[in-house]
Amino acid sequence: MSVDIKNLVQKYDTPLYVYDFDNIARRYEELKHAFEGKKSLVAYAVKSNSNLAVIRHLANMGAGADCVSIGEVKRALRAGVKKYRIIFSGVGKKDEEIREALQEDILLINLESEAEMKRVEMLAKELGVEARISIRVNPNVDPKTHPYISTGLHENKFGVSIDAAKRMYIYAKKSEHLNPIGIHFHIGSQLTELSPIEEACGIVADLVRSLQAINIDIKFFDIGGGLGVVYDDEVTIRTEAYAHAITQAIKGLDVTIVMEPGRYMVANSGIFLTKVLYEKKNGAKRFVIVDGAMNDLIRPSLYNAYHKIEAVQKTGETTPADVVGPVCESGDFLGKDIALPALEHNDILVVHSAGAYGFTMSSNYNTRGKVAEVAISNGNDYLIRQRENFDDQIRLEEVCDTGWQS
Ligand SMILES: *Cc1c(COP(=O)(O)O)cnc(C)c1O
C-alpha cells in the first residue's frame with residue numbers, strides 16, 4: 001500500500017484500520033478472471049470485513065454477498081448488493097431472520113439441518129412464498145487448517161451428511177414452499193492446499209449428479225470460501241489452479257459456480273496502525289506496549305495468528321519483543337518475539353494483513369472505543385467509520401434505581 005502512514009496517523013490518530021481499495025479490486029478481478037468463460041458469482045463473505053464502504057466497493061464490481069445473519073443481509077442490501085446475489089448462510093437462524101430473508105427475496109437461504117428446513121418451509125408457507133434454498137453438505141474432508149477454522153469434518157457443527165442432504169433434497173423437491181436450487185459446502189478457512197477443496201468438490205459434484213438422476217436440478221454450485229492468504233511465508237493456492245480443479249470436478253454439470261471468499265478478498269488489503277506508548281523489560285524479556293489491543297485485533301490472542309509487524313521509519317539494530325496492548329489480559333498481544341528496533345513514545349507500528357477478521361471481530365472490552373477505519377483509493381483517503389467515543393459506547397445503557405443503598 002503506497003500511503004503516507006505518518007500523514008494518516010496525524011489526520012486520523014491511532015489505533016486505525018486502513019484498507020487499500022485498489023488492491024481489493026485487483027483481488028476481485030483476479031478471481032473473476034480465473035473463472036472467465038464460466039458462469040460464476042463471487043459472493044463476498046461479509047463477516048470478514050463488513051464495513052458498508054467495503055461491501056459497496058465490491059458490489060460496484062458485481063460481487064454478491066454471503067451473509068451469516070440478517071444484519072449482514074441488511075448490510076449487503078444497504079451497500080447496494082443486488083438481492084439476487086445475496087446468500088444467507090449460518091448454522092442457527094432465528095424465525096425472524098428467516099422471515100426477513102424470505103421477504104427480501106434474496107437469492108438463497110442456505111440450510112444447515114433438517115429441522116431448519118422444516119422451519120423455513122413453515123415460515124415460507126405462512127408468508128405464501130416459495131423459499132429458494134441450498135443445502136450445506138459436510139463432505140467430511142480434512143481441510144488441513146487450524147482446528148478453530150476447520151468446518152468440513154463431521155465433528156464440526158456445520159452442514160449435514162451426504163445422505164441427510166439427499167433426503168432433504170427429496171423432501172424439498174416435493175414441498176410447495178421450498179425450491180432446492182443450490183448446493184453448498186465450506187470446509188474451512190485459510191486453506192493453503194488445493195487437494196481438500198478438490199476432494200470436497202468431487203464428492204459434492206457426485207451428489208449433484210445423483211440428484212439430477214431423480215430430476216432435482218441444482219443450478220448453483222457453491223464452493224464456499226476459505227482461500228488462504230499470505231501472512232508470513234505460506235504458499236497459497238493459485239487462483240488459476242483453483243478454477244481449474246473446480247471446473248474439472250464439476251465437468252458436465254450446467255451450474256453457476258458460487259464462491260464465498262472473505263479473507264482472500266480483504267486480508268492483505270488492510271493494515272492496522274498502532275502507536276508505541278512505552279517500552280519495558282521484565283527481566284530479560286522486552287515488551288513494546290502499544291495503544292492497539294486484543295479488543296481491536298483479536299486474531300493473535302484467539303488463534304495465535306501471526307501478523308507481520310514493522311516500525312515506520314525506524315532503523316537500527318533489532319531485538320525480539322512482544323508487542324502488547326493495554327488490555328488487562330495476559331493474552332493481550334499483537335505479536336510475540338517480533339524483531340524491532342529501539343522504539344520511543346509515539347513511534348508507529350504497522351500490523352500487516354489485518355483487513356479480514358480484524359475490525360469485525362473487535363469489541364469494546366475494557367471500555368475501549370472501536371477504532372476508526374479509512375479507505376485508500378486512487379491515492380485519496382476516506383474515513384469510512386468514525387472512531388467511537390465514550391458516549392457511543394454507553395448510549396444503550398440505563399442506570400436503574402434498585403432501591404439499594406448503603
Ligand atoms: C466464514 C465463511 C466464509 C468465508 O471464509 P474465508 O476463509 O474468509 O474465505 C465463506 N462461507 C461461509 C459459509 C463462511 O462461514
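Not measured: the values here are computed from a predicted model. Quick note: residue numbers are just sequence positions, from 1. Order of appearance sets the numbers: ligands from 1, and atoms from 1 within every ligand.
Both the sub-6.0 Å distance and the 45° axial angle are satisfied by R27 relative to the ring of Y264. Because its NZ or CZ atom is not both nearer than 6.0 Å to the ring centre of F220 and within 45° of the ring axis, R132 does not count as a cation-pi partner of that residue. A cation-pi arrangement is present between K118 and Y171 under the rule of less than 6.0 angstrom and at most 45 degrees off the ring axis.
Of the options K47, R263, H186, the smallest heavy-atom separation from atom 15 (O) of ligand 1 is shown by K47.
Under the 30°/60° scheme for interplanar angles, the aromatic rings of Y242 and F35 are found to stand perpendicular. Ring geometry for H57 versus F21: interplanar angle under 30°, hence parallel rather than tilted (30 to 60°).
Look at R136 and you'll find a heavy atom under 4.0 Å from some atom of ligand 1. Contact annotation: A356 has no heavy atom less than 4.0 Å from any atom of ligand 1. No heavy atom of F158 sits closer than 4.0 Å to any atom of ligand 1.
Contacts between D66 and ligand 1 below 4.0 angstrom, taking non-hydrogen atoms only, involve the side chain exclusively. Contact annotation for P261 and ligand 1: only backbone heavy atoms (N, CA, C, O) come within less than 4.0 Å of the ligand. When non-hydrogen atoms are compared, ligand 1 lies under 4.0 Å from neither the backbone nor the side chain of Y264.
Counting heavy-atom neighbours within 6.0 Å of Q386 CD, excluding the residue itself, gives a total of 12 or less.
For a threshold of 3.5 Å applied to N or O pairs, the pair formed by S48 and ligand 1 contains no separation below that value.
Here the protein heavy atom with the shortest distance to atom 8 (O) of ligand 1 is Y357 OH, 2.6 Å.
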